[in-house]
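Below: the structure, in structure tokens.
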Amino acid sequence: PELPDRRLERVTKQYGLSRDQALLLTRDRAVSDFFESCAGKCRDPRKLAGWVTRDLFEHLGNARLSIEENPIPPAHFASLVDSVCEGKITERMGKEVLTEMFETGRAPEAIIEARGLKPVDDLGLLEGMLDEVMAQHPKPASELAQGASKPIDFFVGQVMKKTRGKADPKAVRSLVEKRRGREPEQG
């Protein structure tokens with residue numbers, strides 16, 4: 001079997017992880033085996049490492065389960081992380097899907113389909129929502145039009161609320177930032 005120090009070094013280099021992440025993933029052989037099973041099926045090993053060490057560990061800890069008792073197969077876990085990386089679902093949706101996967105053992109695609117968790121990525125629709133929100137909040141809209149950056153987060157939050165968290169926050173932020181320094185359109 002591979003010695004722990006050797007495995008740590010290999011995992012760090014092979015997957016481009018920080019030493020701290022690699023330590024968390026290689027300290028326990030079963031965790032390391034789970035991670036590597038997922039990494040073989042996942043497009044972004046660094047993102048995967050974060051999901052394992054943050055989100056999966058949290059679920060396991062709350063349920064008082066070991067990694068061997070994890071109800072999520074590596075292929076399903078890798079597929080979930082890929083869905084987030086590819087923008088099929090947002091990070092927030094991914095966390096909701098992970099919770100359901102943990103409780104039911106179902107595949108992420110089945111959960112995404114059943115719950116209708118498709119992100120709102122129609123820029124025209126998001127622009128329209130931003131117009132509505134800006135019309136409802138003229139004071140921060142005016143501040144934004146005058147170049148202030150403080151209202152950006154407010155408007156991103158309002159649009160995210162309107163989409164129930166289904167919009168990509170980066171896309172929304174980009175739309176809001178494009179409005180900065182422009183006069184609000186009357187209509």
Side-chain angles (χ1 to χ4, degrees), residues 1-123 126 153 156-157 160 163-174:
E2 188 176 34
L3 296 173
D5 287 347
R6 191 83 144 141
R7 190 169 225 193
L8 172 64
E9 186 179 319
R10 181 182 58 76
V11 166
T12 304
K13 286 181 183 167
Q14 184 175 346
Y15 300 110
L17 305 179
S18 71
R19 185 162 174 81
D20 289 343
Q21 271 188 321
L23 271 169
L24 286 171
L25 293 166
T26 60
R27 190 177 342 176
D28 179 303
R29 177 120 194 134
V31 169
S32 184
D33 289 345
F34 179 81
F35 170 76
E36 292 210 66
S37 292
C38 293
K41 299 166 182 65
C42 188
R43 288 181 172 80
D44 188 342
R46 289 172 50 194
K47 179 85 105 179
L48 172 69
W51 276 78
V52 170
T53 58
R54 183 188 60 236
D55 303 291
L56 182 60
F57 282 4
E58 181 181 342
H59 282 285
L60 291 170
N62 290 342
R64 292 191 171 89
L65 297 175
S66 69
I67 192 79
E68 294 91 346
E69 299 166 302
N70 175 17
I72 303 171
H76 288 180
F77 197 82
S79 178
L80 171 66
V81 175
D82 277 349
S83 293
V84 173
C85 291
E86 294 165 6
K88 291 180 182 174
I89 57 173
T90 64
E91 288 261 341
R92 183 169 161 249
M93 287 180 205
K95 291 176 188 306
E96 291 175 25
V97 171
L98 177 60
T99 298
E100 191 166 329
M101 288 169 65
F102 199 83
E103 292 168 357
T104 66
R106 292 175 61 204
E109 298 80 9
I111 296 167
I112 292 166
E113 186 68 34
R115 293 182 62 194
L117 292 176
K118 299 287 182 201
V120 176
D121 55 6
D122 178 336
L123 290 180
L126 292 175
D153 289 334
V156 170
M160 292 302 294
T163 64
R164 292 190 197 95
K166 290 185 177 183
D168 176 4
K170 290 176 188 161
V172 175
R173 177 171 293 280
S174 174

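It should be emphasised that the depicted structure is a prediction, and the values quoted were computed from it without experimental measurement.
By the side-chain contact (heavy atoms from CB on, under 4.5 Å) test, K41 is found to be paired with A75, A78, residues two or more places apart in sequence or in another chain being considered. With sequence neighbours excluded, the residues satisfying salt bridge (charged side-chain N to carboxylate O under 4.0 Å, His left out) with E91 are K47. With sequence neighbours excluded, the residues that form a salt bridge (charged side-chain N to carboxylate O under 4.0 Å, His left out) with R106 are E100. Listed by chain and residue number, S83, I89, V97, L117, K118 satisfy the side-chain contact (heavy atoms from CB on, under 4.5 Å) test with I112 (two or more places apart in sequence, or in another chain). Legend: residues meeting side-chain contact (heavy atoms from CB on, under 4.5 Å) with D153, ordered by chain and number and at least two apart, are R173. For R10, the salt bridge (charged side-chain N to carboxylate O under 4.0 Å, His left out) partners two or more places apart in sequence, or in a different chain, are E2, E36. With sequence neighbours excluded, no residue satisfies salt bridge (charged side-chain N to carboxylate O under 4.0 Å, His left out) with K166. Partners of D55 under the side chain to side chain donor-acceptor pair (under 3.5 Å) rule, at least two apart in sequence or in another chain, are K95. Taking T26 as the reference, R7, L8, V11, S32 meet the side-chain contact (heavy atoms from CB on, under 4.5 Å) condition, with sequence neighbours excluded.
In terms of heavy-atom proximity, V81 sits nearest to C42 at CG1-SG, 3.8 Å. The two atoms that bring A167 and M160 nearest to each other are O-CE, 3.0 Å, heavy atoms only.
By the neighbour-count criterion of 12 heavy atoms within 6.0 Å, atom CZ of R19 is sparsely surrounded, having that number or fewer from other residues, nucleotides or ligands. Other residues, nucleotides and ligands place more than 12 heavy atoms under 6.0 Å from the CZ atom of R29. Heavy-atom contacts from other residues, nucleotides or ligands closer than 6.0 Å to CG of D5 number 12 or fewer.
Applying the salt bridge (charged side-chain N to carboxylate O under 4.0 Å, His left out) test to residues at least two apart or on different chains, the pairs with a partner in residues 57-84 are R43-D82. Sorted by first and then second residue, the ring-ring contact (aromatic ring centres under 6.0 Å, His included) pairs with a member in residues 5-47 read Y15-F35, F34-F77; sequence neighbours excluded. Residues in residues 37-61 take part in these ring-ring contact (aromatic ring centres under 6.0 Å, His included) pairs, two or more places apart or across chains: H59-F102.
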Using side chain to side chain contact (heavy atoms under 4.5 Å, CB included), reason through N70 and L65 one step at a time and then give a plain yes or no. CA-CA 7 Å; N70 175 17; L65 297 175; over 6 Å; no

Side chain to side chain contact (heavy atoms under 4.5 Å, CB included) evaluation trace for D44 with V84: CA-CA 10 Å; D44 188 342; V84 173; over 6 Å; no

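Note that CG of L48 and CG of L25 are 8.0 Å apart. Values are rounded to the nearest 0.5 Å.
V52 has its side chain out of reach of L24: every pair of non-hydrogen atoms, C-beta onward, lies at least 4.5 Å apart. In this structure, the side chains of L80 and L98 come closer than 4.5 Å at one or more pairs of heavy atoms.
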